[in-house]
Amino acid sequence: MPSSAFVGGRKGEHFRFTIFTDGLFRYEWAPDGDFEDRPSAFAARRSQCTAVPDYRVVESKHALEIFTERFHLSYNKAKFSPEGLFVRVYGHLGTTWRYGETYETLGGTYRTLDGVNGRVQLEPGVTSRKGFANVDDDSMLFTRHGFIAPRKPGPDRVDAYLFCYGHDYRAAVKALYYISGPPPLLPRWALGNWWSRYYEYTAESYLALMDTFKDKRIPLSVAVIDMDWHWVRDPRVADANASGWSGYSWDTNLFPEPRKFVHELHKRNLKVTLNEHPADGIAKYEDVYAKMAEVLGHDTSQGKPIPFNCTDVDFLTAYFRIALGHIEDDGLDFWWTDWQQGTHSALPGVDPLWVLNHFHFRHNARLQESRPKYDRSHPMVFSRYAGPGSHRYPIGFSGDTITSWESLAFQPEFTATASNIGYGWWSNDIGGHMGGRRDDELTARWVQLGVLSPVMRLHSTKNRWVTKEPWKLPTGSGRGPQDVVIKFMRLRHRLLPYLHTMNRRAAEHGEPLVQPMYWAYPEREEAYGVPNQYYFGSQMLVAPITARQNRDTKTGKVKAWLPPGTWVDFFTGVVYDGNRSIWLSRTLDNMPVLMRQGAIVPLDADRHGSNGAANPQGFEIVAVVGADGHFDILEEDESFQGAADKAPWVKTSISFDQRRGILSIGPNRSGALAYSRTWSVRLLGVRNHDGISASIGGVSMTSVSTESVENGTVVNLGRIAPGATAIVYLGPNRQLAVNDSESLIFPILYDAQVGIQLKEKIDEIITPKDVPASIRVTQAAALEMDQDLRHILNEFFLADSRS
């Protein structure tokens with residue numbers, strides 16, 4: 001085993017390689033022989049990577065070779081060139097990286113979608129079908145005192161990293177986290193519904209709006225107040241020749257008692273953030289102008305603004321302590337940092353966005369530590385992506401998109417692909433920000449995507465015609481846009497137990513919540529052909545509908561690829577054979593969300609939800625029979641009054657034994673968080689509940705309440721005491737019900753705006769029992785019909801080969 005990770009870098013040498021893992025190394029060229037050891041914004045954890053991997057070096061006067069289990073590096077000891085420095089990645093015959101040549105990756109993410117309508121060309125990630133991916137590190141540096149520094153000048157300097165993980169994409173991203181630092185744990189409340197709108201609210205109107213959400217039982221967890229919280233239209237702003245975008249003083253015409261206003265939001269179990277655009281500095285009309293000027297030695301005689309300079313440690317200290325601090329004293333939970341002014345600062349090569357993200361995150365950590373013990377939270381910021389390594393500063397604000405189907409169609413891919421650069425917590429403007437046209441169907445589909453995204457934040461621009469209040473959408477027998485939006489927003493809060501467990505998984509195990517299909521199936525071509533389809537956590541597969549519905553069939557569709565196995569729809573209980581591509585069609589009230597046999601997802605039992613993100617008083621466990629399964633629910637002790645990162649976690653295990661037909665819950669929480677809670681089990685795709693029994697704490701239940709629901713069977717267990725284990729007996733080798741294609745097709749066909757004679761002919765095909773699916777497909781193929789209607793028939797005829 002080598003004693004050092006360094007190869008080269010000796011006196012008189014201009015090259016240096018650092019072997020971090022068997023699949024990741026750094027390569028440097030320093031014309032002056034002075035190599036960079038300070039951590040960078042990208043490789044912030046580099047100096048902490050002390051473990052030396054196993055590698056072998058073969059060296060002569062004019063040649064150097066490095067061998068690991070994953071790659072073979074060859075170098076001629078001269079200035080880097082394609083001929084002199086190249087790497088062959090094992091497991092990919094003929095796959096060779098050469099210095100200076102450009103190779104495609106599977107994509108990473110993008111700084112901001114401001115004004116974007118549809119697609120953009122994504123920046124590179126660390127995953128590639130070639131088997132290797134290069135990252136040039138030009139990010140700012142950190143001094144030993146923790147402040148920032150520019151890089152050493154010189155166009156010939158090289159500081160870069162090569163990821164050589166073949167098609168092990170997950171390992172490549174974990175290697176990124178190894179040198180850059182892991183994604184931090186989000187506060188649980190950040191995973192609920194956010195309300196955001198660029199609008200001139202008053203304290204009274206904003207609180208009334210929040211109360212309307214509560215009255216209509218639409219849960220929220222974060223209240224965002226956009227830039228109009230501070231002075232914008234006041235005559236003093238014009239007198240100072242200020243733009244009104246930057247501000248550090250409450251507009252007391254709108255919010256006469258700011259502290260009371262924030263307190264009222266907190267009473268409603270909402271966390272509060274304010275938007276800040278810091279670029280214009282501190283104007284003379286700001287409450288903190290005189291104090292900031294005194295601390296910074298700024299001349300106030302001319303009334304000139306105090307320039308924003310994030311590269312000046314004195315300014316930055318005063319900025320956080322004074323300019324932001326006096327607002328935080330009113331109870332603010334975190335800031336929305338809205339930097340849109342480019343990548344240049346007073347220090348060459350230092351991007352202000354990096355500086356703001358880094359120090360805002362550190363500042364929020366200190367802010368949380370200063371809060372009362374019962375109110376401390378994990379630190380977070382809300383800002384734009386600054387480049388590779390930005391995953392350390394969640395949550396990302398993706399920018400002001402155009403409201404269009406084109407924007408919606410790109411957003412799933414945009415969010416999933418970001419995981420290729422480790423950026424797992426994007427918050428998109430759900431529903432679109434500006435422009436476009438009113439389209440209630442688009443809004444409903446966008447909200448569906450938002451609920452099955454990392455962060456669910458409704459947002460829109462300052463326009464009286466653009467808003468996202470669900471009750472302003474039309475309703476329609478439970479299936480109109482209003483009904484859909486409310487249904488899914490309630491689902492978001494029901495998903496919190498699952499989401500927070502995945503939050504812990506992301507922080508501790510380097511597994512982003514949303515992952516592209518090719519992470520799990522890198523050798524299947526089909527996995528690369530569905531960029532909008534993704535895994536949502538460890539148990540769910542999502543294929544969002546991002547195109548207009550067919551007016552005749554009243555359904556939207558998406559072409560999906562189902563991996564090998566048997567899958568069940570989360571909403572309908574329809575069973576699908578996997579290992580194939582298929583068109584999935586859904587009416588507006590549903591979207592394709594699938595769970596494989598053996599999957600288990602915990603939901604909050606509260607079907608309507610309440611504000612905030614408290615641990616549930618009851619659970620509904622959604623499970624799919626047909627294979628063994630296991631899931632650990634992880635919860636923080638919300639009564640803990642120490643530092644948030646010291647709070648104990650409590651695990652409740654759910655497991656299913658397919659052969660024996662036994663589903664076990666618990667033992668239920670003991671010790672921390674010990675109180676009884678209600679439990680139920682939803683068995684997706686199980687239609688026959690005969691013979692189901694249960695026991696709690698070893699005592700058989702005299703009767704078990706079961707009920708048939710649209711997507712399966714619900715078993716109600718009642719309350720389970722702390723420390724007790726519940727067991728549900730389903731019977732050995734319990735199977736999923738066979739789909740009834742007639743019952744699935746009939747409601748869609750009934751509503752379809754097509755000819756009556758065609759309906760009659762289709763009815764003749766779907767009504768008879770015991771007709772093989774292949775015959776039904778052949779019969780339908782002989783009929784003239786809309787292609788989307790044909791997709792619907794084929795989907796349900798062929799979903800389950802047992803039909």
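Everything quoted here is computed from the prediction, not taken from an experiment.
When only modelled atom types and interatomic distance are considered, Thr401 and Asp429 share no side-chain donor-acceptor pair under 3.5 Å. Inspection of the Asn269 and Trp189 side chains reveals no N or O donor paired with an N or O acceptor under 3.5 Å. A donor atom on one side chain and an acceptor atom on the other are found under 3.5 Å apart for Asn428 and Thr415. Side chain to side chain, Ser139 and Trp354 fail the donor-acceptor criterion of an N or O pair below 3.5 Å. Of the N and O atoms on the side chains of Tyr319 and Asp312, not one donor lies less than 3.5 Å from an acceptor on the other residue. Looking at Trp250 and Asp330, their side chains do bring a donor and an acceptor atom within 3.5 Å of each other. His500 and Glu636 form a side-chain donor-acceptor contact under 3.5 Å, judged by distance and modelled atom types alone. If you check the side chains of Asp228 and His230, you find no donor sitting under 3.5 Å from an acceptor. In the model, Ser427 has a side-chain atom that pairs as donor or acceptor with a side-chain atom of Arg457 under 3.5 Å. In this model, no donor atom of one side chain and acceptor atom of the other lie less than 3.5 Å apart for His378 and Gln368.
Between the side chain of Ser453 and the backbone N or O of Met456 there is no donor-acceptor pair closer than 3.5 Å. Proximity of a side-chain donor or acceptor of Ser419 to a complementary backbone N or O of Gly422 within less than 3.5 Å is not detected. Between the side chain of Gln641 and the backbone N or O of Lys373 there is no donor-acceptor pair closer than 3.5 Å. In this structure a side-chain-to-backbone donor-acceptor pair under 3.5 Å is missing from Thr109 to Ala418. In this structure, the side chain of Ser180 does not engage the main chain of Tyr177 through any donor-acceptor pair within 3.5 Å.
In this structure, Phe308 and Trp339 have tilted ring planes: the angle between them lies in the 30° to 60° band. Using bins of under 30°, 30° to 60° and over 60° for the plane-to-plane angle, the ring pair His433/His459 lands in the parallel bin. Using bins of under 30°, 30° to 60° and over 60° for the plane-to-plane angle, the ring pair Trp245/Tyr198 lands in the tilted bin. Taking the six-membered ring for Trp and thresholds of 30 and 60 degrees, Phe42 and Phe163 have ring planes more than 60 degrees apart, a perpendicular arrangement.
Using a 4.0 Å cut-off between charged side-chain N and carboxylate O, Lys291 and Glu294 make no salt bridge. A salt bridge links Asp333 with Arg371: the distance from a Lys NZ or Arg NE/NH1/NH2 to an Asp or Glu carboxylate oxygen falls below 4.0 Å. The pair Glu264-Arg268 counts as a salt bridge, with a side-chain nitrogen and a carboxylate oxygen less than 4.0 angstrom apart. Taking the charged nitrogens against the carboxylate oxygens, Glu123 and Arg111 have no contact shorter than 4.0 Å, which rules out a salt bridge. With salt bridges taken as basic N to acidic carboxylate O contacts below 4.0 Å, one links Arg38 and Glu36. A salt bridge is absent between Asp159 and Lys152: the closest approach of a Lys/Arg side-chain nitrogen to an acidic carboxylate oxygen does not fall below 4.0 angstrom. Comment: Arg157 engages Asp32 in a salt bridge, judged by a side-chain N to carboxylate O separation of less than 4.0 angstrom.
Of the candidates His493, Arg188, Arg492, Leu499 forms a side-chain contact (heavy atoms from CB on, under 4.5 Å) with just one, namely Arg492. For the pairing with Phe213, the ring pair (Phe, Tyr, Trp, His ring centres under 6.0 Å) check across Trp194, Trp195, Tyr206 returns one residue only, Trp195.
Taking the ring centroids of Phe359 and Phe147, they lie under the 6.0 Å cut-off. Outside the 6.0 Å centre-distance limit, the rings of Trp229 and Phe255 are not counted as a close aromatic pair. When ring centroids are compared, Phe382 and Trp335 stay outside the 6.0 Å threshold. Ring centers of His360 and Phe334: at least 6.0 Å apart, outside the cut-off. Between Tyr423 and Tyr385, the gap from one ring centroid to the other is short of 6.0 Å.
Counting only residues at least two apart or in different chains, salt bridge (Lys or Arg N to Asp or Glu O under 4.0 Å) contacts with residues 136-145 comprise Asp137-Arg151. Applying the salt bridge (Lys or Arg N to Asp or Glu O under 4.0 Å) definition to pairs two or more places apart or across chains, those involving residues 376-393 are Asp114-Arg384, Asp338-Arg384. Within the structure, salt bridge (Lys or Arg N to Asp or Glu O under 4.0 Å) contacts touching residues 295-309 (residues at least two apart or in different chains) do not occur. Counting only residues at least two apart or in different chains, salt bridge (Lys or Arg N to Asp or Glu O under 4.0 Å) contacts with residues 235-246 comprise Asp234-Arg236, Asp239-Lys284.
Take Asp251 and apply the side chain to side chain contact (heavy atoms under 4.5 Å, CB included) test, not counting sequence neighbours, and it matches Trp231, Asn253, Leu254. Residues forming a side chain to side chain contact (heavy atoms under 4.5 Å, CB included) with His363 (at least two apart in sequence, or on another chain): Phe320, Glu328, Arg366.
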Go through it in stages, so that I can follow the logic: the residues are Asn420 and Thr127, the test is side chain to side chain donor-acceptor pair (under 3.5 Å), and I'd like the CA-CA distance, side-chain angles, deciding distance and then a yes or no. CA-CA 6 Å; Asn420 291 332; Thr127 65; 3.2 Å; yes
Taking it one step at a time, do Trp446 and Gln411 satisfy side chain to side chain donor-acceptor pair (under 3.5 Å)? CA-CA 9 Å; Trp446 216 321; Gln411 227 162 69; 2.7 Å; yes
Apply the test side chain to side chain donor-acceptor pair (under 3.5 Å) to residues Arg46 and Tyr161: give CA-CA distance (whole Å), side-chain angles for both, the deciding distance (0.1 Å), then the verdict. CA-CA 12 Å; Arg46 184 176 59 218; Tyr161 297 76; 2.9 Å; yes
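The side-chain tip of Arg197 points at the ring of Tyr199 from less than 6.0 angstrom away and within 45° of straight on.
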